[in-house]
Q: 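Shown below is the structure under consideration.
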There are 2 protein chains.
Amino acid sequence: MSITMHDVARLAGVSIKTVSNVVNDYPHIRPETRDRVNSAIDELGYRPNLIARGLRSGRTGVISLIIPDLRNAYFAELADVVMRAADAQGLSVIIEQSGADRDREIGLLGGERKQKVDGILYSALALGEDDAHILNDVTTPLVLLGERIFHGPTDHVTMQNTEGARAATAHLIALGRTRIAVVGAHRGEVIGSAGLRLAGYREALADAGIAYDDELVGEVGGWYRSGGAQAMRLLLDSGAKFDGLVAFNDSMALGAMRVMQEAGLRIPDDVAVIGYDDIDETRYTLPTLSTIDPGKEEIAEVAVRFLLERIGNPGAVIEPREHLAAYRVVVRESSTLPQN
Amino acid sequence: MSITMHDVARLAGVSIKTVSNVVNDYPHIRPETRDRVNSAIDELGYRPNLIARGLRSGRTGVISLIIPDLRNAYFAELADVVMRAADAQGLSVIIEQSGADRDREIGLLGGERKQKVDGILYSALALGEDDAHILNDVTTPLVLLGERIFHGPTDHVTMQNTEGARAATAHLIALGRTRIAVVGAHRGEVIGSAGLRLAGYREALADAGIAYDDELVGEVGGWYRSGGAQAMRLLLDSGAKFDGLVAFNDSMALGAMRVMQEAGLRIPDDVAVIGYDDIDETRYTLPTLSTIDPGKEEIAEVAVRFLLERIGNPGAVIEPREHLAAYRVVVRESSTLPQN
DNA sequence: CTGAAAGCGCTAACAC
DNA sequence: GTGTTAGCGCTTTCAG
């Protein structure tokens with residue numbers, strides 16, 4: 001029913017192989033032959049069948065991106081940049097949501113669906129160090145996004161959590177703030193984002209000779225707006241005094257800011273605030289939110305590149321690489337000193 | 001290199017056809033044979049090659065979802081529900097972003113990539129009535145999401161824009177508000193979301209015998225938070241008095257609320273506010289935002305079903321169908337009457 | 001109920 | 001430079 005290479009070959013009076021050569025830009029073809037084939041292609045409206053090509057070549061031109069949840073602005077934006085980076089390389093992206101559920105995160109890696117893709121960008125949240133062995137069984141090229149919870153056999157592209165949080169905190173300190181609260185800690189966590197960012201916060205305090213005060217550290221279950229709001233309410237109720245706030249992501253920062261504004265605190269005058277992630281929304285709030293740009297574009301671009309390198313060298317044993325994206329302190333109104 | 005049906009057949013001592021029958025749950029197989037094949041499958045760890053199957057059957061088990069932009073919370077949430085609905089049917093979803101760019105919207109429909117999918121869910125923003133003919137050339141099963149700008153040959157699943165906006169306005173009127181402002185209008189637009197929702201607003205006013213006042217209608221370029229904020233600033237500067245606000249989407253409502261709060265207006269006491277879309281965020285703001293739930297889940301579920309019906313009946317001429325999802329007024333704090 | 005064989009449309013040796 | 005041929009792994013007539 002659809003037009004095949006045979007049809008083109010017949011019309012052009014050449015063999016199917018020649019058609020294939022033309023379609024694939026094989027270099028050594030007589031220009032005259034090439035033209036004849038091309039006009040036959042145009043005349044028939046021939047389009048190569050990508051599935052057949054995939055069967056033959058073992059490539060599909062599709063990669064998958066496994067993330068917890070698109071409803072989370074950070075992951076939606078990550079997906080956005082990954083799709084742009086993939087698009088630039090001629091790849092399509094299948095997105096799969098794990099819901100941050102461990103079983104699903106594992107299931108997605110093992111399922112049959114991964115056959116349909118050349119490689120996987122994998123952002124796991126619920127998997128822990130103990131699950132690292134799971135990655136060994138995956139033969140599909142894989143690049144890990146997010147925390148380095150694993151020391152597995154895969155490439156890993158991530159952000160500088162500790163350094164970013166340290167810079168955020170140092171920024172507030174440079175503003176003259178000394179009582180700096182935190183929202184988003186997970187007690188006892190060391191290796192996840194919360195643990196790494198808390199470490200950065202502590203480092204910055206230490207650098208400035210400011211004592212760490214446990215009372216100023218607000219714990220949060222989920223890193224959502226509501227969590228930030230709730231943690232801030234507790235902080236305010238506790239009577240603790242503070243003039244700065246580092247939120248471990250932007251959503252929590254926004255939730256906390258709301259609560260502070262309701263309580264009559266002025267931002268940044270009374271409390272200077274900085275978040276993390278640089279989600280779009282931070283540009284539109286009142287006041288606009290200072291934040292750490294974790295380098296999402298770079299993460300996406302490098303991850304896709306790593307993946308393509310592995311896809312392109314199937315047999316090759318490439319030493320697992322790690323890439324840390326450059327972060328950037330983005331100063332907006334929430335941490336800009338009042339004019340006077 | 002990978003295990004094929006031949007390997008299984010050899011081990012089980014049957015023909016490749018029998019293996020195929022077992023794998024595809026073909027009914028008439030002797031249980032004994034089936035068991036033998038199944039244990040061979042288990043022993044070898046055989047997994048059917050989906051690409052090869054796709055080549056043969058013409059199906060890939062993948063659909064694509066074309067949307068303007070994942071950064072927009074509405075589309076991120078739409079993508080989320082579409083992926084869940086597709087997942088429930090065993091389908092994977094490739095997401096493609098058009099950036100609301102007309103050329104790209106058209107290009108995505110014509111490109112080679114669509115070969116890799118069985119069907120397309122298409123949410124176009126920049127395409128107009130004049131572009132309807134483009135859909136005629138698309139042979140891939142297609143379901144339109146969003147405004148009915150086209151009267152093309154395809155199924156169409158959308159929300160009840162006019163009715164939803166009317167219900168939103170009526171809700172504020174029922175609260176006793178009579179000076180109801182609008183944010184999100186597009187002057188002169190009739191057929192897009194802005195035009196349809198404005199029509200609903202006017203209908204509700206007319207129903208209540210309230211005169212339409214052009215001064216209360218705020219225009220906005222893009223339906224983002226910043227647009228809502230800006231429109232509200234203009235409205236306040238104009239000196240117009242109002243006690244209610246209908247925003248044509250939630251993002252704009254949030255932007256406008258911020259500006260009102262800065263200006264010292266209390267919500268809902270001074271101004272009752274309602275948005276549109278029921279994005280997640282509306283549950284976490286202060287106050288929480290009343291809104292219209294446009295029935296995203298239903299839209300996704302029906303759209304996937306329509307698409308599957310077309311995919312499943314390749315030759316069949318199915319009369320283009322239209323489905324309007326049920327909407328729902330979601331009352332939250334921003335439009336809840338004060339206790340006294 | 002099961003086997004043999006013919007492709008789906010393409011790519012890649014290997015000839016000529 | 002170009003043609004021939006053999007599959008990629010699977011489904012699907014058609015026999016038996």
Side-chain angles (χ1 to χ4, degrees), chain A residues 1-38 40-41 44-62 112-118 139 311-312 314-315, chain B residues 1-38 40-41 44-62 112-118 139 312 314:
Chain A
M1 48 188 275
S2 69
I3 301 127
T4 78
M5 278 190 170
H6 284 101
D7 302 320
V8 176
R10 201 173 312 127
L11 180 62
V14 298
S15 88
I16 173 180
K17 167 66 167 128
T18 304
V19 179
S20 174
N21 283 342
V22 171
V23 169
N24 294 294
D25 287 326
Y26 184 73
H28 311 296
I29 309 175
R30 208 184 307 156
E32 171 195 323
T33 313
R34 179 192 306 279
D35 290 347
R36 201 140 39 89
V37 170
N38 274 326
I41 286 178
L44 295 172
Y46 166 76
R47 314 232 129 247
N49 180 320
L50 299 178
I51 309 279
R53 180 180 289 177
L55 175 58
R56 193 65 253 240
S57 66
R59 301 272 182 74
T60 64
V62 182
E112 304 197 338
R113 288 189 176 192
K114 68 172 185 296
Q115 284 189 19
K116 288 187 283 204
V117 300
D118 297 337
T139 53
I311 292 170
Chain B
M1 47 188 274
S2 67
I3 301 129
T4 77
M5 277 191 171
H6 285 101
D7 302 320
V8 177
R10 202 173 310 126
L11 180 61
V14 298
S15 88
I16 173 179
K17 166 67 166 125
T18 305
V19 178
S20 174
N21 284 341
V22 170
V23 169
N24 294 295
D25 288 325
Y26 183 73
H28 311 296
I29 309 174
R30 210 182 308 156
E32 170 195 325
T33 312
R34 179 192 305 277
D35 291 347
R36 202 141 37 91
V37 171
N38 274 326
I41 287 177
L44 295 172
Y46 166 76
R47 316 233 127 244
N49 179 320
L50 299 178
I51 310 279
R53 180 179 290 176
L55 174 58
R56 198 62 251 248
S57 66
R59 300 272 182 75
T60 63
V62 182
E112 303 197 339
R113 288 188 176 193
K114 67 171 187 294
Q115 284 190 19
K116 289 187 283 204
V117 301
D118 297 337
T139 52

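All of these numbers come straight from a predicted model, not from anything done at the bench. Each chain gets a letter, A, B and so on, in the order the sequences are listed, and its residues count up from 1.
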Q: 5'-most contact on DNA chain C: B:R30 or B:R56, nearest heavy atom basis?
A: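 Looking at the nearest nucleotide for each, B:R30 comes out on the 5' side.
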Q: Can you see if the side chain of A:S15 gets near the phosphate of D:dG3 - specifically, an N or O under 4.0 Å from OP1 or OP2?
A: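 Yes.
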Q: Would you indicate which nucleotide in C:dA12, D:dT2, D:dC10 comes nearest to any side-chain atom of B:N49?
A: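 Selected nucleotide (nearest to the side chain): D:dC10.
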Q: Judged by each residue's nearest nucleotide on DNA chain C, which is more toward the 5′ side, B:I16 or B:N21?
A: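 Residue closer to the 5' terminus by nearest nucleotide: B:N21.
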Q: Quick one: which of B:T4, B:D7, B:V14 gives a side chain to side chain contact (heavy atoms under 4.5 Å, CB included) with B:V19?
A: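 For B:V19, the side chain to side chain contact (heavy atoms under 4.5 Å, CB included) check succeeds only for B:V14.
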Q: Base, sugar-phosphate, or nothing for B:S57, non-hydrogen atoms under 4.0 angstrom?
A: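 B:S57: no heavy atom of the nucleic acid under 4.0 Å.
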Q: Which listed nucleotide (C:dG3, D:dC10, C:dT11) is nearest to the side chain of B:V14?
A: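 Of all the options, the side chain of B:V14 is nearest to C:dG3.
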Q: For A:Q115 and A:T60, which heavy atoms make the closest approach, and how far apart are they?
A: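 Shortest heavy-atom contact: O-CG2, 4.4 Å.
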Q: Mind checking if B:V23 touches a base, just sugar-phosphate, or nothing, with heavy atoms under 4.0 Å?
A: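 Result for B:V23 = nothing.
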Q: Look at the side-chain N and O atoms of A:T18 and state whether any lies under 4.0 Å from the OP1 or OP2 oxygen of D:dG1.
A: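 Checking D:dG1 against A:T18, no side-chain N or O comes under 4.0 Å of OP1 or OP2.
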Q: Among A:T18, A:V23, A:I29, find the residue that satisfies the side chain to side chain contact (heavy atoms under 4.5 Å, CB included) test when tested with A:V37.
A: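 Passing option: A:T18.
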Q: Closer than 3.5 angstrom, by distance alone: can the side chain of A:S20 be matched with the main-chain N or O of A:I16 as a donor-acceptor pair?
A: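 No; judged by distance alone, with no hydrogens or angles, the pair does not exist.
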Q: Any base atoms under 4.0 Å from A:L55, or only sugar-phosphate, or nothing? Heavy atoms, all strands.
A: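 Answer is base: heavy atoms of A:L55 come under 4.0 Å of a base.
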Q: Which nucleotide in the set D:dT2, D:dT11, D:dG9 lies at the smallest distance from any side-chain heavy atom of B:T4?
A: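 Nearest nucleotide to the side chain: D:dG9.
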